[in-house]
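Below: one structure, written as structure tokens.
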Amino acid sequence: MVELSAVEDTAIVTSLGLSNPLTTSEADNAVLEIAGGTPLSGHVTISGAKNSALVVMAGTLLCSQPCRLRNIPNLVDIERMGEVLSALGVSIHRRGDALDIDPSSISSTKAPYDLVSRLRASFFVIGPLLARMGVARVPLPGGCAIGARPVELHVRGLQAMGAVVHIDHGTVNAYIPGSGKRLKGAKIYLDYPSVGATETLMMAATLADGETVIENAAQEPEVTDLANFCRAMGAKIRGAGTNTITIVGVPSLHTTDYGIIPDRIEAGTFLVAAAITRSEISLSPVIPEHLTAVIAKLHEVGGQVVEDGPSRVRYIPGDGIAPVDIQTGPFPGFPTDMQAQFMALMALCDGNSLITETVFENRLRHVAELNRMGADIRLNGNCAVIKGVHGLSGAPVLATDLRASAALVLAALAAEGTTVIQGLQHLDRGYDDIEGKLRRLGANITRKAADPSLALPQ
């Protein structure tokens, strides 16, 4: 049993008490000022994976006993998920990078619209709530405006497991008919290997009656991390990390103490920071197998990524930046969450490159901002044709989504002059103290209040 130390910890009621430099609302009125051209050196500590932490937090709803989660990053999105769980009656306490979560007394099965609309990942609570409580009401999700990301696959899978689901006035209402209040095992084929749908249905199946088989399942490391967490609570899951996952339902799950995997996207972002500034830096902890596609492209660029230990890698720059072509795709393909960062790198390549976005239809809005800094990028549908330039220039730019904000930070590190980045509310959703980590590597980067005279149209 995980013991909660409420006296020593800080209780979460409406906030996790994040230590970010500015609050979420203040981030709307703050900027990052980056003076480029400074080489980086040193070591970066990689935080826990945002996308794992969020879904595992939702997964605690499957358990009627307290759980402890470790290696939780300090992010706005984590705070928002904490607020969603608190609204359901879950008790949460934070101490350092650990969360003690007690979901034993769920008081509501309806997630509040004002919270869910600001965090797409909060939709994950529908599977655990339905499986454990027999009913769930979750508004359609919000988040970054990078594409539709519909929930049909989630809904159809829950229906296959015996749930009655209908969408009314923007809320997904689901319940289990009959007196047993248990979902039924089913064979589910996903039309697309959606990470979200795979995770929702896998969680729901852990408490179902019988065996569930999810075919064409997502193979992302975050899916495997969730499966490992559920197994640590006593779930019977096999095949996570492959395209077929089998879950045999159990009557209940028990307490656990679980550590989240390192964030592969944060690690990839810092590797690109080294490449774009022609710098040598090391990173840990990382799981190199989670970075295979990113490391392969960095080798094509001309750099080297060497393993200095089982969880430590080091980037060694090459003589230049060679052009590479990239097409995003589900894991183990090249991650869509690294597309924008590589576009910033390719803006400075010695030649022409092509980046094709196949996952989200609206994830190329950073092109205009990179061009504002002197990049030569042309769009053709979901393809970006990039002609490398000899240098970028500092400029006022606007982050349009989470990974676009990271791409602008990377471009600014390599640009001549000073870049001012607006829209930090996106950056704070997914990177734990990115400016502090870059500053410790030698970057000239400062967060400050925005100058209204430099405001760009939203």
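The residues of the chain are indexed from 1 along the displayed sequence. Nothing here was measured: the structure is a model prediction, and the numbers come from that model.
- Every pair tested for salt bridge (charged side-chain N to carboxylate O under 4.0 Å, His left out) that includes a residue from residues 315-329 fails, sequence neighbours excluded, so the list is empty.
- Considering only residues two or more places apart in sequence or on other chains, D350 meets the salt bridge (charged side-chain N to carboxylate O under 4.0 Å, His left out) condition with none of them.
- Two residues are said to be in side-chain contact when any heavy atoms from C-beta on lie closer than 4.5 Å; S194 and E199 fail this criterion.
- Here salt bridge (charged side-chain N to carboxylate O under 4.0 Å, His left out) pairs that include residues 267-286, with residues two or more places apart or in two chains, are E280-R314.
- Residue pairs that meet the salt bridge (charged side-chain N to carboxylate O under 4.0 Å, His left out) test with at least one member in residues 405-422, sequence neighbours left out, do not exist here.
- Every residue meeting the side chain to side chain donor-acceptor pair (under 3.5 Å) condition with Q341, not counting sequence neighbours, appears here in chain and number order: T269, Y431.
- Among residue pairs with one or both ends in residues 37-53, those qualifying as salt bridge (charged side-chain N to carboxylate O under 4.0 Å, His left out) are K50-D77; sequence neighbours excluded.
- For Y315, the ring-ring contact (aromatic ring centres under 6.0 Å, His included) criterion is met by no residue, not counting sequence neighbours.
- The ring pair (Phe, Tyr, Trp, His ring centres under 6.0 Å) analysis of residues 328-352, with sequence neighbours excluded, yields the pairs F334-F342.
- For F124, there are no ring-ring contact (aromatic ring centres under 6.0 Å, His included) partners at least two apart in sequence or on another chain.
- For N51, there are no side chain to side chain donor-acceptor pair (under 3.5 Å) partners at least two apart in sequence or on another chain.
- Under the rule for a side chain to side chain donor-acceptor pair (under 3.5 Å), Q327 has no partner lying at least two apart in sequence or in another chain.
- The side chain to side chain donor-acceptor pair (under 3.5 Å) test applied to T277 returns S279, not counting sequence neighbours.
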